[in-house]
Amino acid sequence: MVKRRERAVQIADAEKIEAFAAQAESKPTQRQEPVLSKDAKRDFKAIRVPFNEYEFTQLEGLCEKTQRSKLNMIRHALSFYAENGFGE
């Protein structure tokens with residue numbers, strides 16, 4: 001229940017208050033999932049990944065063979081596994 005303060009309120013303001021209170025008291029609607037794009041700007045999260053020497057050597061070798069950067073190789077592997085049913 002909305003607790004009203006006592007003051008002179010214009011009719012337009014009172015209608016806005018009632019509309020707001022009705023929305024707040026109503027049942028929440030089902031939220032829609034945001035549409036995600038694989039080409040979106042990369043400013044959502046950053047991850048620091050520690051490697052041991054063996055893993056880093058493997059990463060460098062793959063990068064030389066495929067002419068990809070280290071970050072691109074990690075993103076490519078993520079996409080590969082997600083597209084081939086490993087992400088479910």
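Basis for what follows: all heavy atoms, side chains included, without hydrogens, waters or symmetry-related copies.
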Subject >> Joint hydrophobic cluster, Val35 plus Phe44, side-chain heavy atoms closer than 4.5 Å >> reply: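 Looking at the clustering, Phe44 is in a separate group from Val35.
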Subject >> Path from Val49 to Ile74 over hydrophobic side-chain contacts below 4.5 Å >> reply: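 Yes, because Val49 and Ile74 connect within a single hydrophobic cluster, where side-chain heavy atoms sit under 4.5 Å apart.
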Can you name the residues that form a side-chain contact (heavy atoms from CB on, under 4.5 Å) with [X], not counting sequence neighbours?
X: Tyr54; value: Asn52, Gln58
X: Leu62; value: Met73
X: Leu36; value: none

Subject >> Phe20 atom CZ: more than 12 heavy-atom contacts under 6.0 Å >> reply: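 No, because the 6.0 Å sphere around CZ of Phe20 holds 12 heavy atoms or fewer from other groups.
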Original post:
So do the side chains of Arg75 and Arg42 get within less than 4.5 Å of each other, counting heavy atoms only?
Top reply: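 Heavy-atom side-chain distance check passes, below 4.5 Å.
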**OP:** Look only at the side chain of Asn72 and the backbone of Arg68, and say whether a donor-acceptor pair between them is shorter than 3.5 Å.
**Re:**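 Between the backbone of Arg68 and the side chain of Asn72 there is no qualifying donor-acceptor contact (under 3.5 Å).
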Original post:
Distance from Glu64 atom CD to Leu59 atom CG, nearest 0.5 Å?
Top reply: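 Rounded to the nearest 0.5 Å, the CD-CG separation comes to 10.5 Å.
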